Amino acid sequence: MSAVLSWPRPAGRVPGRVDGQAARTDAVVRTGAVVLLWCALLLVSYWWAAGGGVQDLSGTAGGLTSAGRLTGLLASLLLLVQVLLMARLPVLERAYGQDRLARHHRIVGLVSFDLLLAHLVLITWGYADGALSRTPATLWELTVDYPGMLLAVAGTACLVMVVVTSVRAARRRLRYESWHLLHLYAYLGVGLALPHQLWTGQEFLDSRAATVFWWGLWAASAGAVLVWRLGLPVWRNARHRLRVAAVVPEDDGVVSVHLTGRRLDRLSASAGQFFTWRFLAGPGWTRGHPYSLSAAPDGRSLRITVKDLGDGSRALGAVRPGTRVLAEGPYGRLSARARSRPKVAFLAAGVGVTPLRALAEELPYAPGDAVLLYRFRDRPLFADELTALARQRGLQVLWLPGPRRAPDSWLGAGVGDADDRTLLTAWVPDLADRDVYVCGPEAWADEVRRTTSAAGVPADRVHVESFGW
Ligand SMILES: Cc1cc2nc3c(=O)[nH]c(=O)nc-3n(C[C@H](O)[C@H](O)[C@H](O)COP(=O)(O)OP(=O)(O)OC[C@H]3O[C@@H](n4cnc5c(N)ncnc54)[C@H](O)[C@@H]3O)c2cc1C
C-alpha cells in the first residue's frame, strides 16, 4: 500500500527532547505498589500474631492450626492481589504494561496457590489433633459441618484446574481460547474460596479493622473487575462504534485492517499500544485477539496489521468493509509514556515490527536519534513506509534478513560470527544511553533482553511487548 506518513508533533516539544516525567511517575507507582503489598502482608501477619498466632505455635495440633491460619490469610490476600493485577486498573496498566502484569500475576498466582495448599493441609492436620491418619475424616467433617467450607472446596478445585492448565507444558497443548476459558474459572474459584474465611475465620471476627480490611479488599477487587474489565469496554464500544474501513494485503498471509469510528480523538490510544479485537463477521466473533496498532492513531482512524497464524487471524483477510468491531483497550506500555531518553532503539522480529513502525512514526526524535533493527525471514513488512520514515525523519534502519542463526541468538544468519552483544554495540555504540523498544515472539524477546542487559542497558529502559501468552 502507499505510505501516508504524518506524525503529530505535540505542540511546544522539540523532537529529541524528552522530559521523562511520565516514566518517573510510573516508577513511583511501581515502588508504591510493592510497598503497599508488603504493608498488607505485614498487617495481615500482625493481626494473626495479635490474635495469639505465635503463642499457638508451641503445641503440635495448635501449632499446625495456627500455621494453617497464617498460610490461609496470606493465600487469600495474594489471590485478591492476583485479581487486581489483571483487572486492567489504568494506574497499574500505565505503570507496568500488560506483559509485565501478566508475569507478576503468574508468580503471585503460584505463590498464593502453594500457600492455599499448605493452608488446607495444615488446618486439617491441626483439627485432626496432629494425627495424619485422621485427616481425611477430619477434612470431610470440616467440609460438611462448617459454614462456607463446601464452597471453599469447590473453589479450590477450580483453582487447581486453573493452575494445572497454566503449567507451561500443559499450556502448550491447549489452544489459547480453551486455556483462556478455563482460566476464567479462577474468578469463580476466588469467589467461592474466600467467603468461609469471612464467615468463620478468627482473624476476621475478632477485629473490626480486620473485618473492614478484608470486606473492603474483596469489594474493591470485584468492583475493579466489573468497572474496568466489563463496564469500561462496553461504554467505549458504544461511544466509538468502530467499523472496518478497508482490508489491504501487505504480503503473503499479512493484511492491514483500517478502522474508523466516532470521536476516535477521545480514545486516548498511542502508537505501540494494542487492543483485543472482536470482528462481528460471523462464527468465532466471541474470541478476542490482541493486535497492536501498526500506524500512529490520528484521531480519525486506526490501523492494525495481522499475520495469518491460525483461524482467527486468517479470517481477517475476508472481513468486509462496514463490519462492526468490538475493541478492548488500549493496553500496553510500549509507548511514548515509557520513554526517558532522547535517543531510542527499536528491535523487531517478523510481524513484531507493527507497533515499532507506529512508534517510529509518532515519537519525536531528531534525525539519527532513532534506529530500527529489523529481523525478518524473507521479506520485510512496511519496506516502503520504513524507507520513507528514514528519508523524511532520519530513522536509521538496519535490515536483518534470514532465519535465526542459532537458538540462543536473536539475530539472523549472515551477520558474521561475533556474539549478539558485540554486534549490537557495534551497530548502536550508544545503546546504553537509549530507550530500547522490543517486539517479537516471547523466546526471541527473552534473548534480546539478555543481550541488552549484557550491553549495559538498565532493565527499566528496555520496553518489551511479546506476541505470546
Ligand atoms: C500484546 C499482543 C499484541 C499482538 N499484536 C499482533 C499484531 O500486531 N499482529 C499480529 O499479526 N499478531 C499480533 N499478536 C499475535 C496474535 O494475537 C495471534 O497471532 C493471534 O491471536 C492468533 O490467533 P489465531 O486464532 O489466528 O491463531 P491460533 O491458532 O489460535 O494461535 C496461533 C498462535 O497465536 C497464539 N495466540 C492465539 N490467541 C492469542 C491471544 N489471544 N493472545 C496471545 N496469543 C495468542 C497461539 O498461542 C499460537 O501460538 C499479538 C499478540 C499479543 C499478545
Side-chain angles (χ1 to χ4, degrees), residues 86 88 93 96-103 105-106 165-166 168-184 247-259 269-279 281-297 302-319 326-335 338 346 348-361 374 376-377 380-382 437-446 463-469:
M86 295 315 274
R88 313 282 191 263
E93 283 289 328
Y96 285 93
Q98 229 180 69
D99 210 40
R100 211 158 146 195
L101 282 176
R103 280 169 193 252
H105 168 82
R106 216 174 290 159
T165 53
S166 295
R168 220 169 267 272
R171 231 171 57 172
R172 274 200 210 103
R173 289 166 195 265
L174 285 171
R175 274 182 67 105
Y176 173 83
E177 292 85 15
S178 317
W179 170 82
H180 190 244
L181 207 62
L182 288 172
H183 210 77
L184 293 181
V247 179
V248 180
E250 296 281 357
D251 195 359
D252 290 346
V254 182
V255 293
S256 280
V257 181
H258 297 248
L259 302 124
S270 305
Q273 291 192 297
F274 71 93
F275 290 77
T276 298
W277 305 90
R278 289 180 174 81
F279 291 82
W285 72 267
T286 50
R287 289 181 227 125
H289 292 279
Y291 299 119
S292 307
L293 299 176
S294 63
L302 301 171
R303 186 184 79 173
I304 55 173
T305 302
V306 176
K307 187 178 166 80
D308 167 1
L309 283 177
D311 306 349
S313 44
R314 188 170 315 125
L316 285 192
V319 163
L326 302 179
E328 221 186 291
Y331 299 132
R333 206 170 173 269
L334 198 78
S335 68
F346 303 116
V351 75
V353 74
T354 48
L356 302 185
R357 181 249 168 265
L359 273 172
E361 183 187 351
Y374 179 14
F376 51 91
R377 190 171 269 270
L381 275 175
F382 310 126
Y437 289 87
V438 181
C439 190
E442 199 167 1
W444 178 88
D446 287 344
H463 318 297
V464 182
E465 194 76 79
S466 54
F467 283 4
W469 56 284

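In each ligand, atom 1 is the first atom listed, and ligand 1 is the first ligand listed. Quick caveat: nothing in here was measured; it's all calculated off a predicted structure. These numbers come from the heavy atoms of this one structure, side chains and all, not from hydrogens, waters or symmetry mates.
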Undergrad: Is there a side-chain contact between L316 and Y291 (heavy atoms, below 4.5 Å)?
TA: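 L316 reaches Y291 side chain to side chain.
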Undergrad: Give the atom numbers and elements of ligand 1 that come within less than 4.0 Å of a heavy atom of G310.
TA: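 So the atoms of ligand 1 that pass are 24 (P), 26 (O), 27 (O), 29 (O).
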Undergrad: Any side-chain heavy-atom pair from F467 and T354 closer than 4.5 angstrom?
TA: yes
Undergrad: Check ligand 1 against G288 and write out every atom of the ligand that is under 4.0 Å from a heavy-atom position of the residue.
TA: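 Listed by number with element: 41 (N).
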Undergrad: Using distance alone, decide if ligand 1 has a nitrogen or oxygen within less than 3.5 Å of any nitrogen or oxygen in V351.
TA: no
Undergrad: Report, in ascending order of atom number, the atoms of ligand 1 lying under 4.0 Å from any heavy atom of S292.
TA: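 Taking each heavy atom of S292 in turn, ligand 1 has 3 (C), 4 (C), 5 (N), 6 (C), 7 (C), 8 (O) under 4.0 Å.
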Undergrad: So for ligand 1, is E465 a polar contact partner (N or O within less than 3.5 Å, distance only)?
TA: no
Undergrad: Can any side-chain N or O of R278 pair as donor or acceptor with the backbone N or O of T286 at less than 3.5 Å?
TA: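 Looks like yes, one N/O pair under 3.5 Å.
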Undergrad: Among side-chain atoms of S256 and E250, is any donor-acceptor pair under 3.5 angstrom?
TA: yes
Undergrad: Pairing donors with acceptors under 3.5 angstrom, does anything connect the side chains of T305 and S294?
TA: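 Note: T305 and S294 side chains meet the donor-acceptor criterion.
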Undergrad: Which of the numbered atoms in ligand 1 are under 4.0 angstrom from any heavy atom belonging to S466?
TA: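 Contacts of ligand 1 toward S466, numbered from 1: 53 (C).
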Undergrad: Should D252 and R377 be marked as a salt bridge (Lys or Arg N to Asp or Glu O under 4.0 Å) after you check the CA-CA gap, both sets of side-chain angles, and the distance that decides it?
TA: CA-CA 13 Å; D252 290 346; R377 190 171 269 270; over 6 Å; no
Undergrad: Quick one: which ligand 1 atoms are inside 4.0 Å of a heavy atom on T354?
TA: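 The atoms of ligand 1 under 4.0 Å from a heavy atom of T354 are 7 (C), 8 (O).
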Undergrad: My understanding is that we take every heavy atom of each candidate and find the minimum distance to atom 32 (C) of ligand 1. Doing that for T305, L309, T276, which one comes out nearest?
TA: L309
Undergrad: Which of the atoms of ligand 1 are close to F274, meaning less than 4.0 Å from one of its heavy atoms?
TA: 1 (C)
Undergrad: To the closest 0.5 Å, what do you measure between CZ (R357) and CZ (F346)?
TA: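 So the gap between those two atoms works out to 11.0 Å.
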Undergrad: Does any N or O atom in H289 lie less than 3.5 angstrom from one in ligand 1, N or O only?
TA: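 Among all N and O atoms of H289, at least one is under 3.5 Å from an N or O of ligand 1.
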Undergrad: Closer than 4.0 Å to some heavy atom of S313 - which atoms of ligand 1 meet that?
TA: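 Listed by number with element, the hits are 24 (P), 26 (O).
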